[in-house]
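A quick write-up on the structure given underneath.
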Amino acid sequence: MTNSAEIVAEPAYLGVLNNAQREAVEALDGPVLVLAGAGTGKTRVLTTRLVHLLATRKAFPSQIMAVTFTNKAAKEMQHRVAHMVGGPVEGWWLGTFHALAARLLRRHAELVGLRPNFSILDTDDQLRLIKQLLQLANIDDKKWPARLILSAIDRWKDRALTPDKLKAEDGGDLAGGRMVALYADYQARLRQLNACDFGDLLLHTITIFQDASNGVLSDCHRRFRYLLVDEYQDTNVAQYLWLRLLAQGNHNICCVGDDDQSIYGWRGAEIGNILRFEKDFPGAVIVRLEQNYRSTAHILAAASGVISHNQGRLGKTLWTAAEGGERVRVRALWDGEEEAKWIGDEIEALQRAKVSLNQVAVLVRAGFQTRAFEERFITLGLPYRVIGGPRFYERLEIRDALAYFRVVVQPADDLAFERIVNKPKRGLGDSTIAILHDAARTLGASMVETTLRLIETDELKPKIRSTLRQLMQDIARWRTGLQNTGHVEMAKIILDESGYTGMWQADKSPEATGRLENLKELTNAMAEFPTLEGFLEHVSLVMELQDSSDTDMVSLMTLHGAKGLEFENVFLPGWEEGVFPNQRAIDETGIAGLEEERRLAYVGLTRARRKAYVSHAANRQIFGSWMASSPSRFVAELPHDAIETEGEAGLDRAGSNLSAQQFNAQFNGMGRRIPAFKPVHGEPAPFATAARARPEQPYQPGARVFHQKFGYGTVTHVDNDKLEIEFDTAGMKKVMDSFVVPAQKAG
DNA sequence: TAGATACAGCCTATC
DNA sequence: GCTGTATCTA
């Protein structure tokens, strides 16, 4: 219902839009797909649409959900909307899929067997967990590395396939044919740990949504009347299902995306989601944004020429009203060093022409390629920043510190406990941890709980017992401390009293000071959050620390990292077969992989506003050995009119005598075997799941028992699962019942 | 429990 | 060719 008195004249924000943009903004009700080519004003449409929703009184902020993939994109949207309406808009659900799902899940955790304070695991935790499960199941982790197992699980989760939806043979020969059972175990273990991984955030909310009896979904329908989705081409099946459930209520879903910029197929994105939109949401309005405001006609022609070689596109033709501009320069060079030299020189030339270095980017296919440029830029004294290196919250010392906090907040978090139990070294070696681990498994209890029980017995050596008792008391004290003392102060106390800070202070290695600084930065960052729990949530869901520097520097990053960004001048080195398109991408997924590489080329070219430089070298050092290389097929796909070819004669054909097969063999080492999901017959061998039902106490006073360490003895007293035993040689001891066996069986 | 040695794996990467 | 990790040994 539009209040006509409110909108007397056409709002100014509509006037600045072109026809297509305007259509996308004004189609507020019903499903809408906005196919937004690169540089066509996608963000403007998204934010204006939101402002329009509010201005027309179609919705209050609290009735709008806006979903992005990255925190950066969410922040950007918040910022732009605030800018448009002249103040921050609050109360709308704006965030990443995972952040929004986590928010819902915290409220309804018990519906999927979790407590509201569940931990969110990252890849590192997942890998540790899988390693443990592999060991438990006696699966050779040499043959089936945890990384491989994890990626199989993640891919299943991307497709919303929970273990119950899989048949044993769906795992192929992975993990010796026991992959599905392993996956089920992994899920069981997560529940025990009161934890979930990123995939679970979505899958658990889907489970909750699908059960109508809890009323959560209908509540959401009542609440969220309008749904906005950014980068729709990157959604995976789970995200698609999640969105579809939410959209069922009001059908007001607006997805913005570009099938030509889908570059995340390898992490589960389903380009089919965007290609199928009309079918999934009947009556959908499709708006194409094709007028590009970013790049010159030559750059657009180059990008369009390359992408036109792809099949299976929705099809768009980018055009620009702008005239003139330079052709894309395509240069052949002798080797990588020369390439770096040339790019360095060109950047210096730009610098002399008073171009800001912030407007210069070098976009590479893979991280390792940045090194050659860094070296060159250092020699030249060109300031640069590498975007997307190791992240703050992934650093060892930060993860250790966070593990301490996690144990205090969520004592069922065994992964965190195991991480810190002997850091700093407390004399708790592998064997002690193994005892705790085994005992926890037989008891079906958490490690902290198990430790609390074991320290009341004589299972452990007195010294170890008192160390653990101390640690348990510390953790308990820190937990109570959090109720009275501020969490920033408490965090410092935890790191101090645990000896963790001291450990690095005593460390004389050169990186120790840096680590101490990072720890300080960590506690500083906490101040912005009301509670320790809130901070931990932030850390799990927002892995980046806000970047501060806006000094003038060349940006060095991967093509993937450049998506969504734009620069006046873009250098695209390494356009060689094998490197780009990446050979592995082609080996692993064939045509689909090649097309994704081509979309990456399209993304790269369309980042440039004024000048784009493509280069390729005739010789390249890969994994240490020199190889002749031939220009990327994408070079040949650039329309002649749009480019200007330069470089020494003959170089552009160098290396073409090397067969693709030879290249493969060298580039990929001995040819990596990719385990196929081939069906295999026969039941997977069952293996222990962590939780086991506790039988009745089988030991009574007088029973003869055998203990691995203390030998034979007679039970004198029973206290639940704790036994007092007079051992024949070791004397009176308290032990856990699970540590002894009836004497006759041991003989 | 640290230090030494062998060995594999080396593309992209969000949350 | 380099790096991280797993395993062995003093």
Side-chain angles (χ1 to χ4, degrees), chain A residues 67-74 95-103 105 120-123 125-127 131 135 140-143 145-148 151 154 157-158 196-202 230-231 234-236 238-239 262-269 363-371 387-391 393-394 396 422 424-431 509 537-544 557-564 574 578-589 593 596-597 599-601 603-604 621-627 666-673:
Chain A
V67 197
T68 63
F69 270 86
T70 63
N71 290 293
K72 205 173 145 209
T96 62
F97 275 100
H98 293 96
L100 296 174
R103 200 163 152 190
L105 191 56
I120 299 171
L121 304 188
D122 64 15
T123 312
D125 296 317
Q126 289 177 292
L127 285 172
K131 272 181 202 155
Q135 213 160 27
D140 183 3
D141 63 352
K142 282 269 160 45
K143 199 168 168 209
R147 288 205 63 83
L148 193 79
S151 73
D154 278 345
K157 290 192 174 189
D158 288 341
C196 43
D197 60 24
F198 286 113
D200 286 345
L201 292 172
L202 288 156
D230 192 15
E231 306 279 19
D234 289 338
T235 50
N236 60 33
Q239 287 156 339
S262 163
I263 53 172
Y264 286 110
W266 49 272
R267 70 176 196 210
L363 309 182
V364 295
R365 176 60 181 85
F368 69 84
Q369 293 174 264
T370 58
R371 206 148 104 205
I387 299 189
R391 315 249 222 105
Y393 292 123
E394 280 166 0
L396 173 108
N422 199 32
K425 298 224 164 15
R426 299 183 170 94
L428 303 170
D430 291 346
S431 56
S509 62
E537 176 96 346
H538 167 83
V539 169
S540 323
L541 297 173
V542 184
M543 292 299 283
E544 70 230 27
M557 67 182 104
T558 63
L559 288 161
H560 284 92
K563 186 159 155 228
V579 177
F580 186 48
N582 180 275
Q583 191 56 48
R584 233 177 107 179
I586 296 173
D587 288 348
E588 284 173 17
T589 46
E596 187 153 306
E597 295 290 302
R599 290 192 290 270
L600 213 41
V603 166
Q621 209 175 8
I622 289 163
F623 303 147
S625 48
W626 280 99
M627 307 226 8
Q666 291 192 53
F667 187 73
N668 287 327
M670 294 323 289
R672 298 162 43 74
R673 245 185 301 286

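Not measured: the values here are computed from a predicted model. In the text below, chain A, chain B and the rest are named by the order of the sequence lines, each starting its count at 1.
With dC11(B), dA13(B), dC15(B) as the choices, the nucleotide that has an atom nearest any side-chain atom of His560(A) turns out to be dA13(B). With dT14(B), dA6(C), dT12(B) as the candidates, the nucleotide lying closest to the side chain of Lys142(A) is dA6(C). Among the nucleotides dG1(C), dC15(B), dA13(B), the one closest to any side-chain atom of Phe623(A) is dG1(C). Taking only side-chain atoms of His98(A), from C-beta outward, the nucleotide of dT12(B), dC11(B), dC15(B) with the closest atom is dC15(B). Proximity note for Lys425(A) (side chain, C-beta onward) versus dA6(C), dA2(B), dC11(B): the nearest is dA2(B).
When the side-chain nitrogen and oxygen atoms of Arg391(A) are compared with OP1 and OP2 of dC15(B), one or more of them lie within a distance under 4.0 Å. Residue Lys563(A) places none of its side-chain N or O atoms closer than 4.0 Å to OP1 or OP2 of dT14(B). The side chain of Lys72(A) places no N or O atom within less than 4.0 Å of a non-bridging phosphate oxygen (OP1 or OP2) of dT14(B). Side-chain N/O atoms of Asn71(A) include none lying less than 4.0 angstrom from OP1 or OP2 on dT14(B). Using a 4.0 Å cut-off, no side-chain N or O of Arg267(A) falls inside it from OP1 or OP2 of dT14(B). Checking the phosphate oxygens (OP1, OP2) of dG9(B), no side-chain nitrogen or oxygen of Arg147(A) falls inside 4.0 Å. Between dC11(B) and Thr558(A), no contact under 4.0 Å exists linking OP1 or OP2 to a side-chain N or O.
Annotation: the span from Gln239(A) atom CD to Thr96(A) atom OG1 amounts to 9.5 Å, rounded to 0.5 Å.
When the C1' atom is compared between dA13(B) and dC2(C), the two are found 22 Å apart, to the nearest whole Å.
Under the stacking definition used here (centres under 5.5 Å, planes under 30°), the residue Phe97(A) fails to qualify as stacked on the base of dC15(B).
Arg267(A) forms a cation-pi arrangement with Tyr264(A), by the criterion of a distance under 6.0 Å to the ring centre and an angle within 45° of the ring axis.
Within the 4.5 Å cutoff, the side chain of Asp197(A) has heavy atoms near those of the Lys157(A) side chain.
Between the P atom of dT12(B) and the OH atom of Tyr264(A) lies a distance of 11 Å, rounded to the nearest Å. Across the protein-nucleic acid pair, Asp587(A) atom CG and dT12(B) atom P stand 16 Å apart, rounded to whole Å. As a whole-Å value, the separation of Leu127(A) CG from dT5(C) P is 10 Å. The interatomic distance linking Leu100(A) (CG) with dT14(B) (P) rounds to 18 Å, in whole Å. Atom-to-atom, CD1 of Ile387(A) to P of dT14(B) comes out at 12 Å; the value is rounded to the nearest Å. Atom CD in Gln135(A) sits about 9 Å away from atom P in dT7(C), given to the nearest Å. Here the C1' atom of nucleotide dC15(B) and the CD atom of Glu394(A) are 11 Å apart, to the nearest Å. Leu202(A) has its CG atom 16 Å from the P atom of dT14(B), to the nearest Å.
Where Gly561(A) and Gly427(A) meet DNA chain B, the nucleotide closest to each residue was compared, and Gly427(A) sits on the side nearer the 5' end. With the nearest nucleotide of DNA chain B identified for both Ile263(A) and Thr96(A), Ile263(A) has the one nearer the 5' end.
Here the closest heavy-atom approach between residue Asp158(A) and residue Gly268(A) is recorded as OD2-CA, 3.5 Å. Summarising the geometry of Lys131(A) relative to Ala146(A), their closest heavy-atom pair is CG-CB, 3.8 Å, with the distance given to 0.1 Å.
Backbone-only contact: Phe69(A) has heavy atoms under 4.0 Å from sugar-phosphate atoms and none from a base. Backbone-only engagement by Gly367(A) is indicated by non-hydrogen atom pairs under 4.0 Å involving sugar-phosphate atoms exclusively.
In this structure, dT14(B) makes no Watson-Crick or G-U wobble pair, since no nucleotide meets both defining distances under 3.5 angstrom. Of the nucleotides present, dT1(B) is the one that pairs with dA10(C) by Watson-Crick or G-U wobble criteria, both distances under 3.5 Å.
With hydrogens and angles ignored, no donor-acceptor pair under 3.5 angstrom links the side chain of Glu596(A) to the base of dC11(B).
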Worked check of salt bridge (Lys or Arg N to Asp or Glu O under 4.0 Å) between Asp234(A) and Lys563(A): CA-CA 12 Å; Asp234(A) 289 338; Lys563(A) 186 159 155 228; 2.6 Å; yes
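Shown here is Glu394(A), whose CD atom has more than 12 heavy atoms of other residues, nucleotides or ligands within 6.0 Å.
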